[in-house]
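Reviewing the structure listed below.
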Amino acid sequence: LKANFGCSPSSTPPLFPYQPPSIQSIVRPKNRHCSNLLTNMATSLGAAVSAGRNSSSSSMTSVASRLSIGVGTGTGAGPTTTTAAASLRLAALLSSTTPLSQIAASGSVVAAVGQQRFYTPPSRRTWSKQHHRIRSPRPMVDRFDLSREQPQKQWWRERRIAPATYFGFPDVTKINLRGGGLYVEQMDSVTLAVLADKCLKENVDDPEIWEKFCWRAQQLSTRMHEPDLCYIFRAFSRKDWSDQHFVTTYLGRIQRRMHMMHLPDVAVVLEAFANPRFRQGEYLQKALLQLALLLQHRDDAKAAALARCCAALRLLHPLPKGLSEEVVQVLSELAEALLVRDLTEIGTSKAILVIDSFVTWGLMDTERGQEMQAPADLCWTLVRDLKGTLRAHGREKPDELATLALCLASGKLDHDEVWTELITNLEYEAHRLSGKAVAEAALGAAKAGRATGKLHEVLLRRLLEESSKLSSLDCARAVAGFCRGPAAVAEAAITKGPVSERMLELGLENFTPAELLLTIDGLARTRKGAWGGEILAGAALEALFPHLGELSLEQLAGLCRSLGSLRPSDKSILATIFDTTQAAVPKVEETPEDESELAIEHKPRITIGPSPRHLAMISQGLAGQNPQVLTDVPKRLEALLPALMNSDSDKTAAVTAATIVASLLKCPSSKLRDEVLDKYAARLEKRCHELSAHALLTSLLAMQRLNEKGWTPPTSLLEKIAMFLDMKRYDLKPGTLYKAADALKSLNCSTSLRLEPRDAAPAV
C-alpha cells in the first residue's frame, strides 16, 4: 500500500479484507451484447487502474462509481447496491500486487464489473408463459425467445386455437361444459346419424339434446334415404327414446324404402328391431322377406355383411312361433351363403356372434335331422378357425370368451383343443370379466363338463366383486353354473354366497318364468351335501307356480325333469304341474294333405307327434317321483305311450332314447309299451356310440330290470353296448364294470366283458 498509494500499512489497515473469486467460479454471460459491453468496460478499467496507482485513494471511489453506471438497470437491483458491489471488487483488485497485464488476461475485470443478464431467469420459465396456445407471444416485447428454446414451435407456423367441433358443429359431448347452441336446424341426415351414434358411444343422456335430434329427424324423414334412415332409427332404438310420432314416421319410411335396401341396410334395421318397443310384427316380416330375397337372387354380399345379419337375428330371440320359423329359415340360407365364402374375413368377434346366433335359435340341435346340415357345418368350421386366436382376442374383449363358452356347451360343439385354450384364457382374464360374463362362463364350462378347480376359484372371486351388478338372468345362470360344481363351491357362491342375497334383493317375484325355470334346473343338479338348495328351489317354485299356464311344452317338460330330482312332498302341487304338462302334449294329428292326391298315389297318412326330447323329459320326471307322494305315476306313464309311439324317432338323439327306455321301468307291462321299447331300442342301437360309459352302464342296468318285467332287449343292441363298454372301461370308476358283466350274463348275451382287477366288486 505504501509503495502504491503512499500510506503506511500500520497506520491505514486494508479497507476491505475480501478475497476475489476465481475466474472458474464466474458464469460467463451468454448474451453477445453483454460480452461486448464488458469488453469495453475492461479497457476503460485498465486505463483507470493505471491512473489510480499514481493518484490518491480518494480517486478510486470515483473510478468505481463511474464504472458502475448503467450496470444496475438489467439485474433488478438498485444503483446503490450495484455501486457498492463494484467498489468492493475493484478495491480488492487494486489492493493486490498482481501486474495489470495478468489481471487483464485473467478476465477478473469482468467479474469486478458484474454480469448483466438479458434473459428471463429459469425460475420464471413457467409452462403458461412458454406454451404458445395459452399465451400469444409478442416477439417485439417479450424477452423470452421461443424460437431459440423450441425451434419447432414457431408461433407463425402454428394453427390458431379453435373451439371443439365435430363434423363442423359444436361437439355434443362438451356442449354442457362450453354452452351455446347445437345448430340442429342446419344438420343434414348424415350429420344427424353420425352425431346420434356418437352420443350413444359417449353415453350422452341429456334429454334436451335427444329431443332436438328427434325433432330434426322427423323434419328430414321424407327426404331421407338408406343408410342414413336405418342408422338414425337404430340410434333412437338403442337409446330407447320412444317417441310415438318418431316411431310411426320412421316405420312408415322404412316400409317405403324397404325394396331399395341392401344387405347391410337390412342388418341395421334388424339391429334396431332388437328393442321390442320399436318392433312390430308386420315390419319385421317385411325385413325378413327382403333379406331372404337378397340371399336368393343376389350373390354379391360380403362375408362380413352376412355375419352381421346373423348377429342381428340373434338379438331378436325369442319371437312368436310364426316369426321364429321365418327366422330359422333365413338363418339356414345365411349359413349356406357363408359356407361358400372366405370365413377368415369376418374375424374372431363376429365368428363368436355367428355361432351364438345359430345355437340360440336351436339350429345346432342334433334332433332336427339332416335338413339343418348347413348351420352345423358352418359352426364347426368357425370353431376350428378359432383355434389359436383366443389369447389375443381375450385381451381385447374378455366377455366374448364367456359367450363362446356358453354357446359351445349349448350347441354341443365339443372341440378339445378349442376348449382347452378357452378354459386357459378364461382363467387368465377372469379378473376382467363383468358379472354377466362370469355367470355365462360358469354355466358354459359346467354344462360342458370342462370346469376346473382353478376356474371355479377365479370366477368365484370375481363374482364376489360383481355381485351387486347382477341381473335376474345373470343370477339364474350363476345358479345353474355353480350348482353343477362341488358342494363347497355351490355353497360359497349360491346358497351361502352373494348370489342368493342378490336374488332376494331383486325379488323372486320379479324374475321371468324362463329365469325361474333355469334357477330350479340348476338347484336340481346340486350335489349331495350342499346346504340350502331345497329351500331356494322351494322359493323359486312358489314364485313360478302362478305362471304355469304361460309356459310352453318345452318349459313344462324341463320343470318336470327338475322335479324328478327335487321330489317335492306336496302332492297337490305335483299333480297340478303334471296335469298341466300332459294337457299341453299335442295330440297325434294327421298331415292336411289332399285326399284326391292320396287316393291316386296311394300314399299313407303321415302322423305328426310331439318332440321325443320333451316326452323323454316328462317321463323322466314322472319316473323320479316318490310313489308314496304321487301314486298314479304308472297311469301317467301309460298315458304317454301313444305320443311316444307316434313321435319321430329318426330324429331322436342317443341320450333321449336311453332316457325313454330307462323311464318306462315303472310303466305297466303291455303290448304298446313293448312296441315303444322296441322302437327306441332300435334307435339306440344305431347311435349308442354317442353315449358315455356311465350312460351305457345305466341303460344296460335298466334293460336288465325291464327283462325281469317281460321285455327282451335286442341281442344286437346288447353286443354293441358290451363292445363300447369294453372300449370306454377306464372312464368308469374302479369297482363298477362288474355290474355290466353281471347284467350281460343275466340277459344271456353271447358277448361277455373281460374284467380286470380294478373292475372287480369291492370287498364288503
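Screening residues 259-269 for salt bridge (charged side-chain N to carboxylate O under 4.0 Å, His left out) gives no qualifying pairs among residues at least two apart or on separate chains. Among residue pairs with one or both ends in residues 328-355, those qualifying as salt bridge (charged side-chain N to carboxylate O under 4.0 Å, His left out) are Asp299-Arg341; sequence neighbours excluded. Pairs passing the salt bridge (charged side-chain N to carboxylate O under 4.0 Å, His left out) check and including a residue from residues 232-242, sequence neighbours excluded, read Asp197-Arg234, Asp205-Lys239, Arg234-Glu271, Arg238-Glu271, Asp240-Arg277. Every pair passing salt bridge (charged side-chain N to carboxylate O under 4.0 Å, His left out) that includes a residue from residues 505-520 is listed here, sequence neighbours excluded: Arg502-Glu505.
For Thr173, the side-chain contact (heavy atoms from CB on, under 4.5 Å) partners two or more places apart in sequence, or in a different chain, are Asp171, Lys198, Glu202, Val204. Taking Asp399 as the reference, nothing meets the salt bridge (charged side-chain N to carboxylate O under 4.0 Å, His left out) condition, with sequence neighbours excluded. By the salt bridge (charged side-chain N to carboxylate O under 4.0 Å, His left out) test, Glu542 pairs with no residue at all, sequence neighbours left out. The salt bridge (charged side-chain N to carboxylate O under 4.0 Å, His left out) search around Arg462 returns Glu465, Glu466, not counting sequence neighbours. For Lys302, there are no salt bridge (charged side-chain N to carboxylate O under 4.0 Å, His left out) partners two or more places apart in sequence or in a different chain. Looking at residues two or more places apart in sequence or on another chain, you find a side-chain contact (heavy atoms from CB on, under 4.5 Å) between Ser410 and Val359, Leu406, Lys447. Among residues two or more places apart in sequence or in another chain, the side-chain contact (heavy atoms from CB on, under 4.5 Å) test is passed with Ala405 by Trp419, Leu422, Leu426.
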Distance-only donor-acceptor pairs under 3.5 Å for side chains of residues 377-386, two or more places apart:
from: Asp377; atom 1: OD1; to: Gln373; atom 2: NE2; distance (Å): 3.1
from: Thr381; atom 1: OG1; to: Asp377; atom 2: O; distance (Å): 2.7

*Show your working on side-chain contact (heavy atoms from CB on, under 4.5 Å) between Leu288 and Leu313 and close with a plain yes or no.*
CA-CA 10 Å; Leu288 294 175; Leu313 292 173; 3.8 Å; yes
